[in-house]
Number of protein chains: 2
Amino acid sequence: MADTLTGRRRSVLQETRCQTCSLSSLCLPLALEVEDMDQFDAIIRRRAPLKKGEALFRQGSPFTSVFAVRSGSLKQVTTEGSGEDQLTNFYLPSELVGLDGIDEEHYPGTVVALETTTVCEIPFDRLDHLSESLPELRGQLYRSMSKELRDDRRMMRLLSRKTADQRLASFFTSLSERFRRRGYSPYSFRLSMSRADIGNYLGLAVETVSRILGRFQSQGLVAVSGREVNILDLPALTRLAEEEGAH
Amino acid sequence: MADTLTGRRRSVLQETRCQTCSLSSLCLPLALEVEDMDQFDAIIRRRAPLKKGEALFRQGSPFTSVFAVRSGSLKQVTTEGSGEDQLTNFYLPSELVGLDGIDEEHYPGTVVALETTTVCEIPFDRLDHLSESLPELRGQLYRSMSKELRDDRRMMRLLSRKTADQRLASFFTSLSERFRRRGYSPYSFRLSMSRADIGNYLGLAVETVSRILGRFQSQGLVAVSGREVNILDLPALTRLAEEEGAH
DNA sequence: CGTAGAGTTGAGTAGCTTCAATGCCGGTGG
DNA sequence: CCACCGGCATTGAAGCTACTCAACTCTACG
């Protein structure tokens, strides 16, 4: 009785178990059996929601955990030397944050919530240890990192070969696809990041982002109102994003 | 007797064991004890040397193994859609090739030898299995991937915020550092890649690479003759590479 | 010694940046 | 409740970086 009460209280408070989490089919424990998932569940630490602008962790602080996004979104920002910040990633629900901190023992960038955001904290030493006895978990972890590597390569390609138009088209089609996979509308969504964030991420000046958004709008590709986005012609955007011959 | 003969023949032929490999302090088995290294050694497959221009594997072929570079160098090239190739990485001895193929089950790019090159093939299923019982090996694998993630982020920063001069300065300082760590001269080395490769990698036109090399030379930063490079003022190059405010 | 590919050099230009001014929206205090 | 303020976003004009195109030279290799 005490048990069920506690259980119920916890789950009402923060929907606290992986098994009942709507993201479990996308998240790290994806491949696990029920009893294995319990083990995994046991090492997770829930966190109080982050408010917009709050940091999950800061660049240089000691690496202890990776985090799975439960709701909301975040950005990762790296400050190097004297230079300005570089925004290296946006994170959506079910994605894993902090994997690039494993070697070097500290986080290589600051991760900040773009809106009210909840995350699951997964202490890395315990995750590593558990991955010893759960091959599926280990595999999933390898796959997550590998996927991030491939995404990074795609980003390099974007930054070195694509025009500003193609970059923005890629940005929208990629977001659209990510929303679709998570069960949201791929055509209509709200951007949680500012134009400055988008520009920084894509290697463009804010003004350029703004101008091209305007052009896309007049071409009937998207309808943008502030941070509200409606994708009107996804095929055309996709074509534009993949198009040959930049420069 | 038969045993020792076989052993001797193998080691003469291709210096076949991790324990006698001069790279072991940089390579994957770095953290392993002697007896563990034997286990690791047992799963490695040696390969005939690749000639210049030969592919280690091609984009889209099934992912089976990762490879450790033993000598020589390689480039990774990704062809996407109709667009041109994108060169995403150069690999030097002790570095691990193919980690971005783990998920998706096929290699996301073609890897080609830039000169005569030898590699050790490490079948991934056996590596994964071995990593179950060898935590140090597992940790090293996580760290390798994590490091690659961080390097990618640095590359993104380079591509989106740095001027052509800064990119080339970064390229030289990074190469210099990598040679130094491997026990070669950080000041004098031979480029195994063409100007076109460098340009593709750095997101610059060949002509731009050539022009800036000329300028660096006239500024007394480097002496370049064909593919032979002498770094004359490493501190200045480093300063230039890290310098504030691009664009 | 000749040729093909690699590398250099020059001229003109496109695309994006920078600087500057103005418009819009959402939150806060009177 | 409304007016004001500050940050975010848009728009315009001018400038510069790096690209393209084109011609030429060098170098490696048969």
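For the pair K162(B) NZ and dT17(C) P, the interatomic distance rounds to 18 Å; values are reported in whole Å. The interatomic distance linking D197(B) (CG) with dG5(C) (C1') rounds to 13 Å, in whole Å. Atom CD1 of I212(A) and atom C1' of dC16(C) are 9 Å apart (whole Å). We find that CD1 of I198(B) is positioned 14 Å from C1' of dT8(C), with the value rounded to whole Å. The distance between atom CZ of R161(A) and atom C1' of dA18(D), rounded to the nearest whole Å, is 13 Å. The separation between E228(A) atom CD and dG26(C) atom P is 11 Å, rounded to whole Å. Rounded to whole Å, the distance from CZ on R167(A) to C1' on dT17(C) is 12 Å. If you take CG of L191(B) and P of dA6(C), they are 15 Å apart, rounded to a whole angstrom.
The 12-atom threshold is not exceeded at CZ of R58(A), counting heavy atoms of other residues, nucleotides or ligands nearer than 6.0 Å.
Counting heavy atoms from C-beta outward, R70(B) and R46(B) have side chains that approach closer than 4.5 Å.
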Take R181(B) and E177(B) through the test side chain to side chain contact (heavy atoms under 4.5 Å, CB included) and record every step on the way to the result.
CA-CA 6 Å; R181(B) 292 207 60 209; E177(B) 172 61 15; 3.5 Å; yes
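Ring to ring, F57(A) and F67(A) are close: their centroids are under 6.0 angstrom apart. F189(A) and Y184(A) have their aromatic ring centers separated by at least 6.0 angstrom.
Residues satisfying the ring-ring contact (aromatic ring centres under 6.0 Å, His included) criterion with F172(B), sequence neighbours excluded, are absent altogether. Here D233(B) pairs with nothing under the side chain to side chain donor-acceptor pair (under 3.5 Å) rule; sequence neighbours left out.
Side-chain contact annotation: E115(B) with S73(B), donor-acceptor N/O pair under 3.5 Å present.
In this structure a side-chain-to-backbone donor-acceptor pair under 3.5 Å is present from S176(B) to P186(B).
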What string of B, S and - do you get for nucleotides 8-14 of chain D, 5' to 3', when a contact is any protein heavy atom under 4.0 Å?
SSBBBB-
Contact state string [nucleotides 23-30 of chain D, B base, S sugar-phosphate only, - no protein heavy atom under 4.0 Å]:
--------
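Each end of the helix from dC1(C)-dG30(D) to dG30(C)-dC1(D) gets its own axis from five base pairs, and the two axes differ in direction by 40°, given to 10 degrees.
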Show which side-chain atoms of residues 209-216 of chain B pair as donor or acceptor with protein atoms under 3.5 Å away, not counting sequence neighbours.
residue: R215(B); atom: NH1; partner: D165(B); partner atom: OD1; Å: 3.2
residue: R215(B); atom: NH1; partner: D165(B); partner atom: OD2; Å: 2.6

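Under the side chain to side chain donor-acceptor pair (under 3.5 Å) rule, K75(B) has a single partner from T110(B), D85(B), D197(B), which is D197(B).
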